[in-house]
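Below, chain A is the first sequence line, B the second, and so on; all start at residue 1. On a predicted model such as this, the values are computed, not experimentally measured, just so you know.
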Protein chains: 2
Amino acid sequence: MSNGNTFKQQIFTQFARVGKALSNSNRLELLEFLAQGERCVESLARVACLPVANVSQHLQQLRQAGLVVSRKEGLKVYYQLSGDDVACLFKTLCQVAEQHLADVNQLVSNHLFTKDRLEPVPREELFNRVRDGQVVAIDVRPTLEYAAGHVLGAVNIPLDELEQHLEGFDPKQEIIAYCRGPYCVLAFDAVVKLRQKGLKARRLEDGYPEWKLAALPVEES
Amino acid sequence: MSNGNTFKQQIFTQFARVGKALSNSNRLELLEFLAQGERCVESLARVACLPVANVSQHLQQLRQAGLVVSRKEGLKVYYQLSGDDVACLFKTLCQVAEQHLADVNQLVSNHLFTKDRLEPVPREELFNRVRDGQVVAIDVRPTLEYAAGHVLGAVNIPLDELEQHLEGFDPKQEIIAYCRGPYCVLAFDAVVKLRQKGLKARRLEDGYPEWKLAALPVEES
DNA sequence: CTATTATTCAATTAATCACTTGATTAGCAG
DNA sequence: CTGCTAATCAAGTGATTAATTGAATAATAG
């Protein structure tokens, strides 16, 4: 029957279902996208550069593990995380990996810290300074993700469109960029571009999912 | 070379290493034992009812995922969690599973809540009332685990030895039992036995690992 | 109705994983 | 040295998994 005969075996087999869902790199990437907000299968497949059928299968595995839920609207099926606790689990997993795996540190050092070795802005600081109009917060994620939910007061300038907006910034005002999370390159690339133009730019610590998890004010559609 | 060519693929492949470590029920059980404190391979194999070679392999996988560290002392190799964040990750995983998997709820209902449907005692309450001498806290885990670390002020009465101590309790004083965690049967079985003897007994919420994680006072060897 | 789009299903392949078994290594005692 | 114990290693198995492919289904538009 269901794996194992003792209660203990059975319950750990259940816990392992969640672990299994977290054991594939493509599924973890899908989870990060879903942490930004609800998305349909085809949209996820496009942004993750994976075949639709493959994404569909991964999403079903995530659903069977209880990590995502779906709803159908017309032709499309929209998936989202089944709760904040799932975003928290994902975050904790990444933190443990960064803490204890040398390879993660090396990757982060080589690919991210080479772009920006400045301390990121704490969430509370951004919250206070945006409220007081001292800084401008920019959300450099794609418009779809911004639309699904973003930091209250942030303006959306997807990284690909940043070039066109460079002239519009006041050189005296500090710009704080954020994206999908601490391992997303978008905000790193954004501050590099902004600084090349002589603008004052820093990154927010982490990204939108962590902001939302911290119960800071957001705008959702 | 190392899985994938883009930074994103590489970093998620690293995160998946941690997920993979959490994807096997026997490894999760080993993690729960290790959350009680340091243990050697043979001792883990005995308590988990698994072949030593199998346990050794699982522990090496956990180590490669950064979740445990080991030290050698004489003939024995002692393993322990590599940090509190690992215990936190394990706890979060179990909570997500309980929150979103119906099978977990059913297992808990059938095997645990049938023994004790009373609300468990919050940690802070136990802390205050033990300090004031209003209750007696008993640790019903095996002596080995108690020795590795326990709630400050708790006395060790392994479940198998509880029978012999039943006469020693003051019927007026409430007894609060704890064990390895919220999915461990030991404390449930203990309160059942105590109540059958007419004693006032309740469970602590969760177990020793969560107490320690909450930075409440512990005694360690 | 037919065509189109989004998603899922089903079958296949290659790769990985879990567990068992027996051999091997490392440390220690006599 | 020999014998003993704890742990690891190495090989082999059967099972599970990931990704690909092409077909099937469902909802909608014309």
Side-chain angles (χ1 to χ4, degrees), chain A residues 1-5 9 12-31 33-34 38-65 68-80 144, chain B residues 1-5 9 12-31 33-34 38-65 68-80 144:
Chain A
M1 298 209 67
S2 60
N3 216 324
N5 43 1
Q9 288 173 309
F12 279 113
T13 299
Q14 294 301 317
F15 296 157
R17 287 172 65 189
V18 177
K20 278 193 177 71
L22 302 173
S23 71
N24 176 273
S25 60
N26 288 328
R27 273 197 299 275
L28 290 177
E29 192 181 353
L30 292 175
L31 278 182
F33 285 123
L34 289 171
E38 197 181 49
R39 275 188 103 129
C40 68
V41 181
E42 176 269 337
S43 156
L44 280 165
R46 196 152 16 87
V47 77
C49 296
L50 289 173
V52 173
N54 191 7
V55 170
S56 177
Q57 286 170 330
H58 280 311
L59 288 168
Q60 282 170 75
Q61 286 185 60
L62 290 171
R63 181 169 48 196
Q64 279 160 26
V68 304
V69 291
S70 64
R71 74 183 170 85
K72 191 157 191 175
E73 187 180 305
L75 275 178
K76 299 188 174 177
V77 178
Y78 289 90
Y79 284 83
Q80 64 183 117
L144 182 78
Chain B
M1 296 214 72
S2 61
N3 217 323
N5 41 2
Q9 289 174 309
F12 279 114
T13 299
Q14 294 302 315
F15 296 156
R17 287 171 66 189
V18 177
K20 280 196 177 70
L22 303 172
S23 70
N24 177 274
S25 61
N26 288 330
R27 272 197 299 273
L28 290 177
E29 192 181 354
L30 293 175
L31 278 182
F33 285 124
L34 289 172
E38 197 182 48
R39 275 189 104 128
C40 67
V41 180
E42 178 269 334
S43 156
L44 280 165
R46 196 152 14 86
V47 76
C49 296
L50 289 172
V52 173
N54 192 7
V55 169
S56 177
Q57 286 170 330
H58 280 311
L59 289 169
Q60 282 170 75
Q61 287 185 61
L62 290 172
R63 182 169 47 196
Q64 278 158 26
V68 304
V69 291
S70 64
R71 75 181 170 85
K72 192 155 190 174
E73 187 180 306
L75 276 179
K76 298 188 177 180
V77 177
Y78 289 89
Y79 284 83
Q80 65 183 115
L144 182 77

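Using a 4.0 Å cut-off between charged nitrogen and carboxylate oxygen, R71(A) and E73(A) count as a salt-bridge pair.
With a 4.5 Å cut-off on side-chain heavy atoms, K76(B) and K72(B) do not count as touching.
Between E73(A) atom CD and dT5(C) atom C1' there is a gap of 15 Å when expressed in whole angstrom units. Nucleotide dA6(D) holds its P atom 16 Å from the CZ atom of R71(B), rounded to whole Å. Atom CG in L59(B) sits roughly 12 Å away from atom P in dC9(D) (whole-Å rounding). Distance CZ (R17(B)) to C1' (dT16(C)): 16 Å, rounded to an integer number of Å. Rounding to whole angstrom units, CD of residue Q9(B) and P of dA18(D) are separated by 16 Å. Look at CZ on R46(A): it is 10 Å from P on dT7(C), rounded to the nearest Å. In this structure, F12(B) atom CZ and dA18(D) atom P are separated by 16 Å, rounded to whole Å. Rounding to whole angstrom units, CG of residue N26(B) and C1' of dT16(D) are separated by 15 Å.
Separating the CZ atom in F33(A) from the CG atom in L144(A) is a distance of 11.0 Å, to the nearest 0.5 Å.
Phosphate proximity of dC19(C) to H58(B): present, with a side-chain N or O under 4.0 Å from OP1 or OP2. Using a 4.0 Å cut-off, some side-chain N or O of Q60(A) falls inside it from OP1 or OP2 of dC9(C). The shortest distance between the side-chain N/O atoms of S56(A) and the OP1/OP2 oxygens of dT7(C) is not below 4.0 Å.
Nearest nucleotide to the R27(A) side chain, out of dT7(C), dA6(D), dA18(D): dA18(D). Residue V52(A) places its side chain closer to dT8(C) than to any other of dT8(C), dA7(D), dT8(D). Here dT8(C) is the nucleotide among dT8(C), dC19(C), dA11(C) with the atom lying nearest to any side-chain atom of V77(A). Out of dT20(D), dA26(D), dA6(D), the shortest distance to the side chain of L75(A) is found at dA26(D). Proximity note for E42(A) (side chain, C-beta onward) versus dG22(D), dT21(C), dT7(C): the nearest is dT7(C). Of the candidate nucleotides dA27(D), dT20(C), dT8(C), dT20(C) has the atom nearest to the side chain of N54(B).
Q61(B) comes within 4.0 angstrom of the backbone, heavy atoms only, and of no base. Backbone-only contact: Y79(B) has heavy atoms under 4.0 Å from sugar-phosphate atoms and none from a base.
In terms of heavy-atom proximity, R27(A) sits nearest to K20(A) at NH2-O, 3.0 Å.
Along DNA chain D, the nucleotide nearest to L50(A) and the one nearest to K72(A) differ in position, and the one closer to the 5' end is contacted by L50(A). Nearest-nucleotide positions on DNA chain D for R63(B) and K20(A) put R63(B) closer to the 5' end.
A side-chain donor from one of Q60(A) and S56(A) sits under 3.5 Å from a side-chain acceptor of the other.
Judged by distance alone, with hydrogens and angles left aside, the side-chain atoms of R17(A) form a donor-acceptor pair with the main-chain N or O of Q64(A) at under 3.5 Å.
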